[in-house]
Amino acid sequence: MSAPTSSTRAILAALAANAGIAVAKFIGFVVTGSSSMLAEAVHSVADTSNQALLLFGQREARKEADALHPFGYGRSRYFWSFVVALVLFTLGAVFALYEGYHKITDPTELTSPAVALVILAVAIMLETFSFRTAMKESRPLKGDASWWRFIRNSRNPELPVVLLEDTGALVGLAFALAGVGLTVATGDPVWDGIGTIGIGLLLGLIAIILMVEMHSLLIGEGATIAQTQAIRAALESTEHVDRLIHLRTQYLGPDELLVAAKIAVGPRVELATVAATIDAAERNIRAAVPAARVIYLEPDLDRALSG
């Protein structure tokens with residue numbers, strides 16, 4: 001069995017943390033009756049389900065190419081990440097908004113709020129562990145870019161999903177902590193409902209961001225600017241390539257880039273030399289951008305010179 005990838009390690013850390021947190025939160029809800037605690041418990045269940053879906057997507061992506069899918073199943077990771085966004089919205093955001101509205105319109109007193117506060121504090125520590133793991137595994141891919149730019153530009157779907165989920169979980173826990181804390185301080189259970197509404201709005205915002213990003217990956221994103229420049233340089237530096245006529249790229253999966261290009265060669269170059277030039281160009285591209293695994297190069301006459 002191959003070693004776990006950085007995204008797999010981040011998913012497993014989040015899965016373990018959220019499963020334990022969900023159980024603790026449900027116990028806290030049963031003891032206290034806090035709607036914030038219930039919303040957070042459902043949020044953790046959604047997150048746990050999402051991590052399972054991400055792992056399933058990775059497994060599906062490893063299936064061999066076949067006649068129906070000649071380029072393989074790499075985009076399965078994008079699809080299941082999109083499903084994660086839908087689950088986060090429907091199971092997390094909608095439920096929290098409903099529960100918050102119910103709590104505000106029909107407030108009920110909390111029982112044993114100290115239990116809720118302790119559970120939330122423990123949950124924050126566990127979520128922090130998951131968040132730190134996701135950040136650690138993401139840094140090599142992020143490079144010098146900001147975290148927001150990494151989330152927007154990453155072709156790896158799982159790490160941005162886990163980062164956003166963990167961020168939402170930590171902020172949501174802060175909302176729940178504030179809601180329960182203000183309820184205890186003021187004696188007014190409406191604050192618990194307000195905290196729950198805040199959790200729902202937060203989850204809805206994160207779900208929308210994920211939907212937009214995963215939609216872009218699903219319909220096909222090309223190489224990054226840096227990768228495009230590297231591919232162009234690799235082609236133009238290949239012997240007997242006079243110039244690059246056009247270049248098209250598209251990610252078939254997070255780790256597999258399709259490169260299609262038309263290159264100009266001299267009018268008197270022999271066929272055997274053209275074939276060797278294409279082989280050399282492919283080697284140069286793969287050396288510059290290892291993700292470029294599927295390459296199609298079309299040679300053409302440099303009509304600017306032949307004319």
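As the structure is a prediction and not an experimental result, all values here were calculated from the model.
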**Student:** What are the two closest heavy atoms between Met211 and Leu86, and how far apart are they?
**Tutor:** CE-CD2, 3.4 Å
**Student:** In terms of hydrophobic clusters joined by side-chain contacts under 4.5 Å, are Leu244 and Ile231 together?
**Tutor:** yes
**Student:** Could you state whether Ile21 and Val30 fall into the same hydrophobic cluster, counting links through intermediate Ile, Leu, Val, Met, Phe, Trp or Tyr residues with side-chain heavy atoms under 4.5 angstrom apart?
**Tutor:** no
**Student:** Is any side-chain heavy atom of Thr277 less than 4.5 Å from a side-chain heavy atom of Glu239?
**Tutor:** no
**Student:** Taking the side chain as C-beta and beyond, is there a heavy-atom pair between Ile209 and Leu164 under 4.5 Å?
**Tutor:** yes
**Student:** Run the side-chain contact (heavy atoms from CB on, under 4.5 Å) test on Ile104 and Tyr101 for me, step by step, so that the C-alpha distance in whole Å, both residues' side-chain angles and the decisive distance to 0.1 Å come before the verdict.
**Tutor:** CA-CA 5 Å; Ile104 291 173; Tyr101 171 78; 5.9 Å; no
**Student:** Under 4.5 Å between side-chain heavy atoms, counting indirect links through other Ile/Leu/Val/Met/Phe/Trp/Tyr residues: same cluster for Leu97 and Leu203 or not?
**Tutor:** no
**Student:** So, for Ser81 and Val161, which heavy atoms are closest and what is the spacing to 0.1 Å?
**Tutor:** CB-CG2, 4.2 Å
**Student:** What orientation do Tyr73 and His69 show, parallel under 30°, tilted 30 to 60°, or perpendicular over 60°?
**Tutor:** tilted
**Student:** Could you walk me through whether Phe56 and Glu60 pass side-chain contact (heavy atoms from CB on, under 4.5 Å), step by step?
**Tutor:** CA-CA 6 Å; Phe56 179 76; Glu60 287 291 293; 3.6 Å; yes
**Student:** In this structure, are over 12 heavy atoms from other groups packed under 6.0 Å from Ile225 atom CD1?
**Tutor:** no
**Student:** Working note: Asp255 + Arg77, criterion salt bridge (Lys or Arg N to Asp or Glu O under 4.0 Å); need CA distance, chi angles, decisive distance, verdict.
**Tutor:** CA-CA 11 Å; Asp255 307 313; Arg77 290 168 67 179; 3.1 Å; yes
**Student:** Within the side chain of Thr273, is there an N or O that forms a donor-acceptor pair under 3.5 Å with the backbone of Val269?
**Tutor:** no
**Student:** Can a donor-acceptor pair be found, under 3.5 Å and without considering hydrogens, that links the side chain of Thr249 to the backbone of Ala223?
**Tutor:** yes
**Student:** How many angstroms lie between NZ in Lys103 and CD1 in Ile194, if you round to the nearest 0.5 Å?
**Tutor:** 12.0 Å
**Student:** Is the shortest heavy-atom distance from the side chain of Leu163 to the side chain of Phe150 under 4.5 Å?
**Tutor:** yes
**Student:** I'd like to know if the side chain of Asn284 pairs up with that of Thr238 as donor and acceptor (distance under 3.5 Å, no hydrogens or angles considered).
**Tutor:** yes
**Student:** Would you say Gln227 and Tyr251 are linked by a side-chain donor-acceptor pair, where the criterion is simply a distance under 3.5 Å?
**Tutor:** yes
**Student:** Can you check side-chain contact (heavy atoms from CB on, under 4.5 Å) on Thr8 and Leu55, steps first, answer last?
**Tutor:** CA-CA 7 Å; Thr8 301; Leu55 291 173; 4.2 Å; yes
**Student:** Closest approach of Ala230 and Val289, non-hydrogen atoms and distance?
**Tutor:** CB-CG2, 3.9 Å
**Student:** Could you check whether any side-chain heavy atom of Glu165 comes within less than 4.5 Å of a side-chain heavy atom of Val84, counting everything from C-beta outward?
**Tutor:** yes
**Student:** About how many Å separate CD1 of Ile11 and CD of Glu158, when rounded to the nearest 0.5 Å?
**Tutor:** 4.5 Å
**Student:** If you measure from CG on Leu210 to CZ on Phe89, what distance do you get to the nearest 0.5 Å?
**Tutor:** 12.5 Å
**Student:** Is Glu256 salt-bridged to Arg293, going by a charged N under 4.0 Å from an acidic O?
**Tutor:** no
**Student:** Distance-only, no hydrogens or angles: does the Asp106 side chain make a donor-acceptor pair with backbone N or O of His102 under 3.5 Å?
**Tutor:** no
**Student:** Can Val184 be reached from Leu182 by stepping across I, L, V, M, F, W or Y side chains whose heavy atoms are under 4.5 Å apart?
**Tutor:** no
**Student:** Where is the tightest heavy-atom contact between Ala14 and Asp166, given as atom of each residue plus distance?
**Tutor:** CB-OD1, 4.4 Å
**Student:** Report yes if some heavy atom in the side chain of Ile295 is under 4.5 Å from a heavy atom in the side chain of Leu297; otherwise report no.
**Tutor:** yes
**Student:** Between the side chains of Lys25 and Ser44, does any donor sit under 3.5 Å from an acceptor?
**Tutor:** yes
**Student:** As an exercise, state the distance from NZ of Lys142 to CG of Asn153, rounded to the nearest 0.5 Å.
**Tutor:** 12.0 Å
**Student:** For a 4.5 angstrom cut-off between non-hydrogen side-chain atoms, does Asp300 reach Ile263?
**Tutor:** no
**Student:** What I want to check is whether the side chains of Gln58 and Ser7 have a donor and an acceptor closer together than 3.5 Å.
**Tutor:** yes
**Student:** What is the minimum heavy-atom distance between Phe26 and Val45, and which atoms define it?
**Tutor:** CE1-CG2, 3.4 Å
**Student:** Mind running side-chain contact (heavy atoms from CB on, under 4.5 Å) on Thr183 and Val180 for me, showing each step along the way?
**Tutor:** CA-CA 5 Å; Thr183 297; Val180 174; 5.6 Å; no
**Student:** Please give me the minimum heavy-atom distance between Leu235 and Ala281, naming the atom from each residue.
**Tutor:** CD2-CB, 3.8 Å
**Student:** Can you see whether Glu99 engages Thr196 through a side-chain donor-acceptor pair at a distance of less than 3.5 angstrom?
**Tutor:** no
**Student:** Measure the spacing between CD1 of Ile151 and CD of Glu213 and express it to the nearest 0.5 Å.
**Tutor:** 8.5 Å
**Student:** So, do Arg155 and Tyr78 sit near enough that their side-chain heavy atoms are less than 4.5 Å apart?
**Tutor:** yes
**Student:** Decide yes or no for Val259 and Tyr296: does some side-chain heavy atom of the first lie under 4.5 Å from some side-chain heavy atom of the second?
**Tutor:** no
**Student:** Once you round to the nearest 0.5 Å, how far does OG1 of Thr167 lie from CH2 of Trp147?
**Tutor:** 9.5 Å
**Student:** Would you kindly confirm whether Ile197 and Leu170 end up in one hydrophobic cluster when ILVMFWY residues are joined by side chain heavy atoms under 4.5 Å apart?
**Tutor:** no
**Student:** Would the distance check show the side chain of Asp192 and the main-chain N or O of Gly179 forming a donor-acceptor pair, the cut-off being under 3.5 Å?
**Tutor:** no
